[in-house]
Protein chains: 2
Amino acid sequence: MATARGRPRGFDRDLALERLMQVFWAKGYEGAQLNDLTAAIGVKPPSFYAAFGSKEAAFREAIDLYIATIGAAPMRALDAAATVRAGLRAMLEGSVEVALSAKPGGCLLILGVVNCLPVNEAARAHLLNARRKTVALVADRLRRGVANGELPAGTDIARLAAFFHGIMQAISFQARDGATRAELLALIDPALRALDPD
Amino acid sequence: MATARGRPRGFDRDLALERLMQVFWAKGYEGAQLNDLTAAIGVKPPSFYAAFGSKEAAFREAIDLYIATIGAAPMRALDAAATVRAGLRAMLEGSVEVALSAKPGGCLLILGVVNCLPVNEAARAHLLNARRKTVALVADRLRRGVANGELPAGTDIARLAAFFHGIMQAISFQARDGATRAELLALIDPALRALDPD
DNA sequence: GCCATTCTATAACTTCTGCTACAGAAAGGT
DNA sequence: ACCTTTCTGTAGCAGAAGTTATAGAATGGC
């Protein structure tokens with residue numbers, strides 16, 4: 001083990017990353033300015049760059065942290081439930097809680113970069129990739145439902161996965177627009193009708 | 001009628017506004033830089049400012065034009081159809097066409113400003129207001145459906161209106177993420193299940 | 001022809017962006 | 001004690017953002 005050389009860092013990097021995540025969550029990638037980021041850590045730019053490399057690298061780390069912590073709960077709920085329907089309901093209810101747990105609300109993976117300058121296309125691509133993984137997890141759960149006979153054999157997995165991901169996007173967007181918990185939860189029942197037999 | 005005094009404008013203001021709308025549509029409010037806007041008209045900044053006042057004023061005009069032209073078609077289709085179900089289907093299909101009719105896709109009212117700097121909060125508020133009007137139009141159509149007996153008397157109008165607006169948001173987001181026409185249209189049938197009787 | 005009026009282009013301004021050169025401070029190695 | 005290594009704050013970089021002062025060009029009115 002190489003012992004720590006040089007002057008030790010004056011702040012907790014893990015805690016700092018958590019705060020960076022909060023700032024990116026609240027303001028989006030481009031809306032989060034270096035001022036906001038460094039102020040949230042209580043540190044000057046050189047320390048920020050020494051610890052995280054660049055704004056984009058910090059964003060990627062923040063995204064990974066978000067996926068591992070905040071975003072993981074709804075997807076775990078999806079898998080843990082006994083039935084597909086209960087799993088999707090739990091996932092969507094979890095998404096509502098996530099969307100309300102920060103101001104101004106919504107999912108970082110969905111809202112973090114929507115429009116961006118060409119310079120920041122890489123950050124957008126990183127989020128797009130994360131969203132695709134979300135859809136894949138929903139598809140996996142649906143596939144399990146077909147395998148164990150809960151859903152009919154001819155079920156269009158991709159279509160339903162995209163649909164329920166669409167409901168998550170709607171929850172995020174409406175939370176960002178100031179919807180209440182009751183309003184967001186009210187989106188779930190109509191959506192679950194998509195599982196009804198023909 | 002006061003006759004035109006002074007040097008006449010060297011470009012067609014209406015055509016220019018249409019091009020500004022296209023740029024805002026493609027890049028969003030903050031993503032559309034003055035460079036892009038003036039280049040799209042073929043004009044230098046002072047002419048832009050003489051004609052439109054400011055970037056934000058131009059955006060508001062572009063939004064109004066979008067609502068009156070592009071955005072009006074789905075809402076007209078909603079009203080023109082014989083039944084609520086057919087109207088909602090036509091509205092959503094129209095939204096798909098709108099979302100695919102420009103690159104990189106999606107609705108200007110939904111995606112034009114998502115994250116923004118505090119300075120640009122007014123532009124965001126302008127779009128938020130336009131979205132509320134969309135929801136109100138859907139609610140009106142649902143109310144007509146209750147009035148003529150097509151929907152049950154106890155129907156939760158606000159809930160369903162928010163839900164179908166959520167589907168429009170999902171269409172916009174997924175179009176922006178590169179979904180095909182078939183994928184976007186596949187969101188509609190599951191959504192219309194929300195109208196099924198209990 | 002000359003005036004007032006209005007549009008246009010050149011060129012710049014102010015402000016802010018992400019980022020960094022520099023010098024000093026705080027630690028371990030020897 | 002001294003060197004190396006690494007973090008820290010001050011101060012400022014180059015570039016781009018939206019916007020505008022200025023001077024010139026093009027029209028109608030008289």
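Nothing here was measured: the structure is a model prediction, and the numbers come from that model. Every chain is numbered from 1 and lettered A, B, ... according to where its sequence line falls, protein lines coming before strand lines.
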Once you round it to whole Å, what is the distance between P of D:dG18 and CG of B:Leu37? 8 Å

Quick one, give me the B/S/- string for nucleotides 23-30 of chain D, reading 5' to 3', where B means a protein heavy atom under 4.0 Å from the base and S means that only happens at the primed atoms, P, OP1 or OP2. -BBBBSS-

Sequence neighbours left out, what pairs pass salt bridge (Lys or Arg N to Asp or Glu O under 4.0 Å) with at least one residue falling in residues 79-88 of chain A? A:Asp79-A:Arg144, A:Arg85-A:Asp196

Heavy atoms under 4.0 Å, any strand shown: does A:Ala32 hit a base, just sugar-phosphate, or nothing? sugar-phosphate

In whole angstrom, what separates B:Glu30's CD from D:dA16's P? 18 Å

Please enumerate all residues that pass side-chain hydrogen bond (donor to acceptor under 3.5 Å, both in side chains) together with B:Arg19, with sequence neighbours excluded. none

Please identify each residue that fulfils ring-ring contact (aromatic ring centres under 6.0 Å, His included) with A:Phe173, with sequence neighbours left out. B:Phe173

Quick one: B:Phe52 CZ to D:dT19 C1', roughly how many Å, whole number? 16 Å

So A:Tyr29 and A:Phe59, would you call those rings parallel, tilted or perpendicular, with 30° and 60° as cut-offs? tilted

Start at the 5' end of DNA chain C and walk down; is the nucleotide closest to B:Pro45 or to B:Phe11 reached first? B:Phe11

Given atom NZ of B:Lys44 and atom C1' of D:dT20, what is their separation to the nearest angstrom? 16 Å

On DNA chain D, nearest-nucleotide positions of B:Gly53 versus A:Val43: which is more 5'? A:Val43

Give a yes/no answer on whether the side chain of B:Lys55 brings an N or O atom under 4.0 Å of OP1 or OP2 in D:dG18. yes

Which residues share a side-chain contact (heavy atoms from CB on, under 4.5 Å) with B:Arg76, sequence neighbours left out: B:Ala72, B:Ala73

Is the phosphate of D:dC7, meaning OP1 or OP2, less than 4.0 Å from a side-chain N or O of A:Ser47? no

Which of C:dT10, D:dG18, D:dT10 is nearest the side chain of B:Leu34? It is D:dG18

Would you mind classifying the nucleic acid contact of B:Phe48 as base, sugar-phosphate or nothing, using non-hydrogen atoms under 4.0 angstrom? nothing

Establish, with yes or no, whether the OP1 or OP2 oxygen of D:dT19 is under 4.0 angstrom from a side-chain nitrogen or oxygen of B:Tyr49. yes

Rounded to whole angstroms, how far apart are CG on B:Asn35 and C1' on D:dG15? 13 Å

Side chains of residues 130-139 of chain B: which donor-acceptor partners sit under 3.5 Å, not counting sequence neighbours?
| residue | atom | partner | partner atom | Å |
| --- | --- | --- | --- | --- |
| B:Arg131 | NE | A:Asp177 | OD2 | 2.9 |
| B:Arg131 | NH1 | B:Leu109 | O | 2.6 |
| B:Arg131 | NH2 | A:Asp177 | OD1 | 3.1 |
| B:Arg131 | NH2 | A:Asp177 | OD2 | 3.3 |
| B:Thr134 | OG1 | B:Ala130 | O | 3.3 |

Residue whose closest nucleotide on DNA chain C lies nearer the 5' end, B:Leu117 versus B:Gly10: B:Gly10

Taking the six-membered ring of B:Phe11, is the NZ or CZ of B:Arg9 close enough (under 6.0 Å from the centre) and on axis enough (within 45°)? yes

